[in-house]
K.L.:
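First the structure, then my questions, so here it is.
Model, not experiment: these values are computed from the prediction. Sequence lines set the chain letters: A, B, ... in the order given, protein chains first and strands last, and positions in each chain run from 1.
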Number of protein chains: 2
Amino acid sequence: MDVDAHHIRDAIREAIVERRLAPGTKLSETDVGSLFNVSRTLVRAALQALSYEGLVNVEKNRGAFVAHPSILEAQQIFAARRLIEPVILREAAQRIGKAEIRHLRLHLADEERLRNERGAAARRAEIKASGDVHLAIAEISGNAILKRFMDELVARSSLVIALYGRSVASSCGHDEHQQIVDALERRDVDAACALMVEHINHIEADLDLRSAEKGTDLRSALRL
Amino acid sequence: MDVDAHHIRDAIREAIVERRLAPGTKLSETDVGSLFNVSRTLVRAALQALSYEGLVNVEKNRGAFVAHPSILEAQQIFAARRLIEPVILREAAQRIGKAEIRHLRLHLADEERLRNERGAAARRAEIKASGDVHLAIAEISGNAILKRFMDELVARSSLVIALYGRSVASSCGHDEHQQIVDALERRDVDAACALMVEHINHIEADLDLRSAEKGTDLRSALRL
DNA sequence: GGAGCTTATATTGTATACAAAACAAAATGC
DNA sequence: GCATTTTGTTTTGTATACAATATAAGCTCC
C-alpha cells in the first residue's frame, strides 16, 4: 500500500472532521509515521497542510495538535459562514437545474437514512453528510475558489461543534436543509438565503461555552 | 541571518505578487535553497505553503512553478471578489471609526505618493499598495478568516493581472479607492459596496481574457 | 515535603544521503 | 535525415542522521 502525504492528510482530516480525533490531541510525527509505515518527512508535510486548513496547530518545537478553536475563532467561523453562504447560494441558484436539485435530494436522502441508523459510526457519517449538503451547494455555484473556502469553513465548523456542541447538533439541521432545497426548487432565492442564515444561527445557538474534552487514542481514532 | 520556511515563503510570495517572478517560472529546490543558504527541506516546505495559497503549482516529479492561472481561474477569482468584498465591506462599515478611516487614508496617501514616482520599483510598490487597501478594509472587518481569504484573493489577482493585464492596471484604481473610503466616511454603505463592485469590474475589464492564453505554452515550453 | 536546579530522555528542526523519476543528449537503426 | 532507443545528468521523492529544543525524572537544599 503506497501511502503519500495526501493520503495521510486526508486520513487525519477525515478523523478530525468526523470527530474521532478530539481537539487538542497531540499528533506526534513518529507515532503517525509508524502508523502509516512512513518516515516523519511525509507526516510533516501532511501536518503542515492541515495547519494551513486550520485543522491542526503546529507549535514551534512542541509539535502538532488537533486544532482547539477558541470561542472567538468559533464565532468568526460562523460569522464568515453567515456572510459567505448566502452569496454562494444566490450564485448556485442562478445555475441550478433539475439535475442539480436531484443531486441535492440524494444528499438529503443520505442524511435521512443515516439519521435513522443507530450507533456511533452512523452518527459520524451523519456529521459528514450534513456538511456535504453545504459543500454540494457550493459546488453548484461553479466557483472552485468559493468551494475551497467552504471546504475549510465546514471542516472547521465540525471541529467547533465537537468542542462546544451541546446536542448532536445536526439532528435538528436536516429539516432545515430540506427547506432550503425546497426553496431553491421553487426558485425562491430570498427565502433560501433567509433559511440558510437561520440554519447557521441554529447551529451556532446549539453551541455552549464549555471547556473541551481531552485527546483520544490516536490509533483507534485513525482506525488503524 | 537565520532563515526559516516562513521567511522563504514570504520572500517568494512577495516576488510573485510584485511580479518580479513571472508566471510559469520554475522554482528549483536546489536553486532557491542555495539562494537562501538553506537545504531543500525548508524550500520544499515553503513551496508547499505557496501551493496551498494558489501562487505556485507543484507538479509531481517535475517541480514547482509560479502559478499560471487559466482564464477560467482568473474569472473565478474576480467573481469571488465581487461576491465577498461587498459583504466584508458591510462588516467593516459596522466597526469603522475615526482611527480606522485615518488608517485607510494613510494607505491612500501611500498609493498617491507611489503613483507620482518613476521607475519599476515604484510601480511594484504601487501594485502592492493597491492590494493593501483591500486588505486593510478586510482587517477592519475584524474577521481573521475573511481576512485570510482576501489575502489569497488579492495575491492571486496580482498574478492574473501580471498575465492578462493590459495597462499598468492600478493606475485607474486609486481614485476609486478614494471614493470608497469617502463613502465609508459618510457612512453610505450601499454606495461604498456599489463602488467596490464597480472597482472590481474595472480591474477585470482591463484584462485581456478573450485572447487565447498568450505566450503561456511558449513560456512553459521554454521552461523559463 | 516541596521549590529549584541538574541530568536524562524524547521530540522536533534541519541537513544530508540515497532511490526514483524526468530530462537532455548521444548513439543506433532505418 | 528522422524517429527511436540508450545512456548520462539533473531534479525530485523519501528516509535517515544529527543538532537543538522541550519534556520528564532525579537530586539537592531548605
K.L.:
Once side-chain hydrogen bond (donor to acceptor under 3.5 Å, both in side chains) is applied, do any residues pair with B:Arg81, and if so which ones, sequence neighbours excluded?
P.N.:
B:Glu85, B:His134, B:Ser157

K.L.:
Where along nucleotides 5-13 of chain C does protein come under 4.0 Å, by heavy atom, of base (B) or sugar-phosphate alone (S), with - for untouched nucleotides?
P.N.:
------SBB

K.L.:
May I ask you to say whether A:Arg44 pairs ionically with A:Glu29, meaning some side-chain N is under 4.0 Å from a carboxylate O?
P.N.:
yes

K.L.:
Does A:Lys147 have any salt bridge (charged side-chain N to carboxylate O under 4.0 Å, His left out) partners at least two apart in sequence or in another chain, and if so, which?
P.N.:
A:Glu139, A:Asp151

K.L.:
Measure the angle between the two terminal helix axes of the helix from C:dG1-D:dC30 to C:dC30-D:dG1, five base pairs each, and quote it to 10°.
P.N.:
10°

K.L.:
B:Asp4: what forms a salt bridge (charged side-chain N to carboxylate O under 4.0 Å, His left out) with it, not counting sequence neighbours?
P.N.:
none

K.L.:
Name all residues meeting the side-chain hydrogen bond (donor to acceptor under 3.5 Å, both in side chains) criterion together with B:Ser141; count only those two or more places apart in sequence or in a different chain, and write none if there are none.
P.N.:
none

K.L.:
Only counting residues at least two apart or in another chain, list the ones meeting side-chain hydrogen bond (donor to acceptor under 3.5 Å, both in side chains) with B:His6.
P.N.:
B:Arg9

K.L.:
I'd like to check the side-chain hydrogen bond (donor to acceptor under 3.5 Å, both in side chains) partners of A:Gln48; sequence neighbours left out, ordered by chain and number.
P.N.:
A:Tyr52

K.L.:
Chain B on DNA chain D: first and last contacting nucleotide, 5' to 3', under 4.0 Å to a heavy atom?
P.N.:
D:dT11 to D:dT14

K.L.:
Tell me every residue that passes salt bridge (charged side-chain N to carboxylate O under 4.0 Å, His left out) with B:Glu204, counting only those two or more places apart in sequence or in another chain.
P.N.:
B:Arg82

K.L.:
For residues 53-61 of chain A, dump all side-chain donor-acceptor pairs below 3.5 Å to protein atoms at least two apart in sequence or in another chain.
P.N.:
| residue | atom | partner | partner atom | Å |
| --- | --- | --- | --- | --- |
| A:Glu53 | OE1 | A:Arg13 | NH1 | 2.6 |
| A:Glu53 | OE2 | A:Arg13 | NH1 | 2.8 |
| A:Glu59 | OE1 | A:Arg62 | NH1 | 2.7 |

K.L.:
Tell me every residue that passes salt bridge (charged side-chain N to carboxylate O under 4.0 Å, His left out) with A:Arg90, counting only those two or more places apart in sequence or in another chain.
P.N.:
A:Asp190

